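Below is one structure, written out as structure tokens, with a few remarks after it.
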Amino acid sequence: MKKSLKDYNFKGKRVLVRVDFNVPLEDGKVTDTNRIEAALPTIKFLANEDAKVILMSHLGRPKGEFKEELKLDPVGKELANLLNKKVVKVDDCIGSEVKKAVDSMNNGDVLLLENTRFYKGEKENDPEFSKQLAENADIFVLDAFGAAHRAHASTVGVTEYLPSAAGFLLMRELNALGDVMEDPESPFVAIMGGAKISGKISVIENLLDKVDFILTGGGIANTFLKAQGYEVGESLVEDDKLQVARDLISKAREKGVILLLPKDVIIADRFDKEAEAKEVSVDQIPSDWQILDSGGTQTLEEYKTVIMNAKTVIWNGPIGVFEFDKFAKGTNEIAKALAESDAKTVIGGGESAAAVKKAGLTDKMTHVSTGGGASLRFFEGKPLPAVEAIDDLK
Ligand code: ADP
Ligand code: MG
């Protein structure tokens with residue numbers, strides 16, 4: 001068991017909180033506030049407990065250098081709106097400017113530091129940089145589930161210098177994901193879609209020991225189909241993973257897991273939102289067309305039946321190019337089936353969560369994870385380094 005927010009007295013303490021404010025920006029505006037909202041319970045709790053709340057996060061990929069367009073100022077504005085409270089933003093995450101700002105904080109104040117990835121020491125988990133981050137604080141709280149699979153200075157390094165605890169969002173994620181992975185009620189169904197099989201092989205391998213069904217879609221299904229000898233034309237396929245796909249199919253068979261591939265799909269004459277679309281059986285794909293949605297009529301019927309009879313469902317990866325309306329049907333129909341089913345439903349993966357949100361069904365799921373990579377790591381059955389680094393409850 002890890003220490004959590006109830007294991008400390010925060011009154012008057014300088015609390016450094018690693019949040020995940022890695023949000024999408026367009027023209028200097030936050031276009032999706034999900035991750036900021038997800039961090040509010042911890043921030044509000046600490047402020048109410050009379051702590052001095054110091055927030056830090058990474059944003060985008062500045063590669064260890066200052067990037068004007070990746071400053072956290074727009075996030076600070078959005079946070080102040082959502083909290084309905086003043087948020088002071090400083091232009092650095094270490095050094096004298098931070099010290100000055102922290103020294104002038106009152107209990108209950110909220111301070112936002114600058115993008116931690118403006119320093120190379122962040123990704124290198126550099127001890128000196130970690131120490132500088134920790135310098136102006138008394139306690140460290142990890143609430144950035146979305147960054148918990150990375151051993152960086154702001155997630156792992158700082159725990160060498162400060163007593164630590166898990167925040168509310170982190171606990172909620174660990175409980176929800178832990179619940180389905182450790183004690184799933186069967187029938188347990190995994191829906192695996194998304195672009196590529198390569199990042200998900202070890203996830204599928206781990207799931208083969210736990211689930212009763214795997215429903216495939218997206219680029220993953222294309223690779224499975226080609227591995228089974230189907231012509232998939234210009235579809236997104238990983239040709240160097242065909243043998244892996246065949247091995248996964250035989251492992252599933254050995255373990256009694258039913259691994260389903262699409263029977264019919266929506267194909268396109270090119271990769272474009274205006275492409276011509278038609279539904280065909282998987283043995284009818286012309287060599288110059290490509291699958292952009294695994295959700296053909298028969299496929300969806302079969303997948304929905306499995307979902308409606310499930311007690312636990314995890315979903316990673318959209319089953320089509322849902323960003324194009326013409327090819328979003330499969331993904332939307334699967335999302336609807338999950339929303340309607342009585343099963344425990346857990347969604348992991350950045351685009352999958354976005355697809356569920358776009359369908360307006362986020363509230364209908366048991367849990368939609370805020371972490372793409374971190375939830376995948378969880379489904380792989382592997383520990384999250386930043387969670388491991390939090391102090392144990394003795
Ligand atoms: P997640 O972020 O949920 O883990 P991935 O990152 O693995 O999911 O993949 C998401 C992407 O996969 C989506 O942007 C979607 O457009 C793409 N995708 C799904 N099906 C196909 C397909 N048939 N061909 C090409 N891309 C696809
Ligand atoms: Mg993704």
Side-chain angles (χ1 to χ4, degrees), residues 20 22 24 32 34-35 60-61 145-147 149 177 190-204 207 214-226 230-239 241 245 261-262 264-273 275 277-280 282 285 289-296 299-300 303 313-335 338 345-359 361-362 365 367-380:
D20 177 12
N22 183 30
D32 182 349
N34 255 7
R35 286 181 164 169
R61 299 181 173 190
F145 178 73
H149 58 309
L177 295 168
I191 307 165
M192 296 298 299
K196 290 183 171 176
I197 199 168
S198 46
K200 298 180 181 176
I201 294 163
S202 46
V203 174
I204 299 175
L207 291 175
I214 297 181
L215 313 181
T216 64
I220 289 188
N222 299 347
T223 301
F224 275 118
L225 286 170
K226 183 157 181 184
Y230 290 98
E231 162 77 78
V232 293
E234 306 267 309
S235 301
L236 174 67
V237 164
E238 284 168 283
D239 281 309
K241 293 290 178 292
L261 307 189
D264 46 8
V265 292
I266 316 299
I267 56 172
D269 60 347
R270 59 190 200 278
F271 188 87
D272 193 283
K273 69 177 188 336
K278 59 182 179 193
E279 180 171 325
V280 296
V282 291
I285 301 167
W289 285 58
Q290 55 188 295
I291 307 170
L292 289 190
D293 183 2
S294 309
T299 306
L300 284 177
Y303 284 15
V313 185
I314 59 174
W315 181 15
N316 173 266
I319 76 153
V321 183
F322 72 98
E323 295 91 341
F324 300 164
D325 288 342
K326 276 189 174 177
F327 304 98
K329 182 172 172 222
T331 301
N332 286 338
E333 291 289 310
I334 294 293
L338 259 62
T345 49
V346 171
I347 320 299
E351 266 86 26
S352 315
V356 170
K357 190 173 186 197
K358 201 171 165 194
L361 296 171
T362 303
M365 306 298 170
H367 183 71
V368 180
S369 179
T370 56
S375 61
L376 269 188
R377 181 75 67 94
F378 217 99
F379 294 151
E380 265 177 84

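Order of appearance sets the numbers: ligands from 1, and atoms from 1 within every ligand. If you're wondering where the values come from, they're calculated on a predicted model, not measured in any experiment.
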Nearest-contact summary for atom 23 (N) of ligand 1 - protein heavy atom, Å: I291 O, 3.1 Å

Ligand 1 N/O within reach of G350 N/O, cut-off under 3.5 Å: yes

Interatomic distance, I267 atom CD1 to E234 atom CD [nearest 0.5 angstrom]: 11.5 Å

Under 3.5 Å: donor-acceptor pair, side chain of N316, backbone of G348: yes

V282 and its side-chain contact (heavy atoms from CB on, under 4.5 Å) partner, picked from N222, T299, L225: L225

More than 12 heavy atoms of other groups within 6.0 Å of K196 NZ: no

Option set P318, G193, G349, criterion heavy-atom distance to atom 8 (O) of ligand 1, minimum: P318

Nitrogen or oxygen atoms of K200 and ligand 1 under 3.5 Å apart: yes

Inter-residue atom distance K357.NZ - I347.CD1, 0.5 Å rounding: 14.5 Å

Closest protein heavy atom (residue, atom, distance) for atom 19 (C) of ligand 1: G320 O, 3.2 Å

Pairwise distance CD(E279) to CG(D264) - rounded to 0.5 angstrom: 5.0 Å

Closest protein heavy atom to atom 16 (O) of ligand 1, given as residue, atom name and distance to 0.1 Å: E323 OE1, 2.7 Å

Heavy atom of the protein closest to atom 3 (O) of ligand 1 (residue, atom name, distance): S352 OG, 2.5 Å

For N222, the ligand 1 atoms whose distance to one of its heavy atoms is below 4.0 Å: 23 (N)

Ligand 1-proximal atoms of N316, by part, heavy-atom distance under 4.0 Å: side chain

Nearest-0.5 Å distance, CG of residue L300 to CG of residue N332: 10.5 Å

Atom 11 (C) of ligand 1 [closest protein heavy-atom partner, distance rounded to 0.1 Å]: A195 N, 4.0 Å

Pair E380-S202, side-chain donor/acceptor within less than 3.5 Å: yes

Protein contact of atom 21 (C) of ligand 1 - nearest heavy atom, named by residue and atom, plus distance: V321 CG2, 3.7 Å

Protein contact of atom 6 (O) of ligand 1 - nearest heavy atom, named by residue and atom, plus distance: E351 OE1, 3.0 Å

R61, CZ atom: more than 12 neighbouring heavy atoms under 6.0 Å: no

N/O/S atom name from E351 that is nearest to the position of the Mg ion (ligand 2): OE1

